[in-house]
Amino acid sequence: MPNRETVDAFVAQVVSGDHVGAIRDWYHDDAWMQENQTPPRVGRETLMAGEAKTLARMQHVVTELLAPPLIDGDRVVIRWRFTFTPKEGSTFAMEELAWQTWRGDKIA
């Protein structure tokens, strides 16, 4: 189960813009992510590749933490806002509640 310092370090890396590095450093090899109404993406390498592909389409991404992370044992909830400026198209923002299950000091 993660402590506050561990979660804060993860958050700081994401907010710094190192999204792919945060997956590399903080996710288990067998981690998975799922967006609403889509099948899960499984495996850290798959997650990193997907994140890199998304970021490659962007000129700029601003990541904001909208509230302190909620930590309850091995469950963490983080409220983010991502503001995307694509290389082509208009800037848009997306808010997200990330519901995470941690195993030790990494995200499952």
Side-chain angles (χ1 to χ4, degrees):
M1 123 175 73
N3 60 36
R4 172 65 58 183
E5 293 78 22
T6 298
V7 173
D8 287 347
F10 164 72
V11 167
Q13 189 169 359
V14 175
V15 169
S16 80
D18 187 11
H19 297 206
V20 175
I23 295 169
R24 179 195 63 229
D25 296 343
W26 295 101
Y27 284 66
H28 282 281
D29 287 340
D30 63 345
W32 59 274
M33 290 183 193
Q34 184 174 8
E35 307 299 331
N36 294 337
Q37 303 174 9
T38 62
R41 298 178 316 275
V42 181
R44 184 173 57 209
E45 294 298 321
T46 299
L47 301 177
M48 289 169 52
E51 195 74 12
K53 184 178 176 182
T54 297
L55 294 172
R57 295 190 314 262
M58 302 298 150
Q59 180 180 344
H60 190 66
V61 177
V62 175
T63 303
E64 301 170 82
L65 179 67
L66 298 181
L70 301 173
I71 303 171
D72 182 21
D74 65 352
R75 305 236 193 260
V76 175
V77 177
I78 303 174
R79 184 173 175 213
W80 306 103
R81 178 185 298 126
F82 303 99
T83 303
F84 298 95
T85 302
K87 291 178 180 173
E88 297 182 17
S90 301
T91 297
F92 64 96
M94 177 182 80
E95 290 190 17
E96 170 183 282
L97 282 177
W99 178 277
Q100 301 170 336
T101 301
W102 288 62
R103 288 193 320 256
D105 287 341
K106 294 200 177 205
I107 301 163

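The basis for the numbers below is simple: all heavy atoms, side chains too, and nothing from hydrogens, waters or symmetry mates.
Linking Ile, Leu, Val, Met, Phe, Trp and Tyr whenever their side-chain heavy atoms come within less than 4.5 Å leaves W32 and I78 in two separate clusters. Note on F92: it does not cluster hydrophobically with L97, by side-chain heavy-atom contacts below 4.5 Å among ILVMFWY residues. Put simply, V15 and W26 are part of the same group of oily side chains (I, L, V, M, F, W, Y) that touch within less than 4.5 Å, one to the next. M94 and V62 are members of different hydrophobic clusters when ILVMFWY side chains are connected at heavy-atom separations under 4.5 Å.
Considering NE2 of H19 and CG of L55, their distance stands at 6.5 Å, rounded to 0.5 Å. For the atom pair CH2 (W80) and CG (L66), the distance works out to 9.5 Å, reported to the nearest 0.5 Å. Rounded to the nearest 0.5 angstrom, L47 CG and I107 CD1 are separated by 10.0 Å. Going from atom OG1 of T85 over to atom CD of Q59 covers 6.5 Å, rounded to the nearest 0.5 Å. Taking CD1 from I71 and CG from D8, the interatomic distance works out to 6.5 Å, rounded to the nearest 0.5 Å. Expressed to the nearest 0.5 Å, how far NZ of K87 lies from NE2 of H60 amounts to 13.5 Å.
At distances below 3.5 Å, at least one donor-acceptor pair connects side-chain atoms of Q34 with backbone N or O atoms of T38. When atom types are taken as modelled, the side chain of R79 and the backbone of A67 share no donor-acceptor pair closer than 3.5 angstrom.
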Please evaluate residues M48 and E51 with respect to the criterion side-chain contact (heavy atoms from CB on, under 4.5 Å), reporting the C-alpha separation (whole Å), side-chain torsions for both, the decisive distance (0.1 Å), and the verdict.
CA-CA 5 Å; M48 289 169 52; E51 195 74 12; 5.8 Å; no
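Nearest heavy atom pair, residue M1 against residue G73, reads SD-CA, 3.4 Å. Residues V77 and W99 share a closest heavy-atom pair of CG2-CE3, 3.3 Å. Y27 and A22 get closest at one heavy-atom pair: CD1-O, 3.7 Å. The nearest pair of heavy atoms linking E95 to R81 is OE2-NH2, 3.0 Å. When all heavy atoms of A52 and V20 are compared, the pair lying nearest together is N-CG2, 3.8 Å.
By the neighbour-count criterion of 12 heavy atoms within 6.0 Å, atom CE of M58 is densely surrounded, having more than that number from other residues, nucleotides or ligands. Atom CG of N3 has more than 12 heavy atoms from other residues, nucleotides or ligands within 6.0 Å.
W102 and Q100 form a side-chain donor-acceptor contact under 3.5 Å, judged by distance and modelled atom types alone.
Just one residue in the list D30, D74, D29 forms a salt bridge (Lys or Arg N to Asp or Glu O under 4.0 Å) with R103, and that residue is D30.
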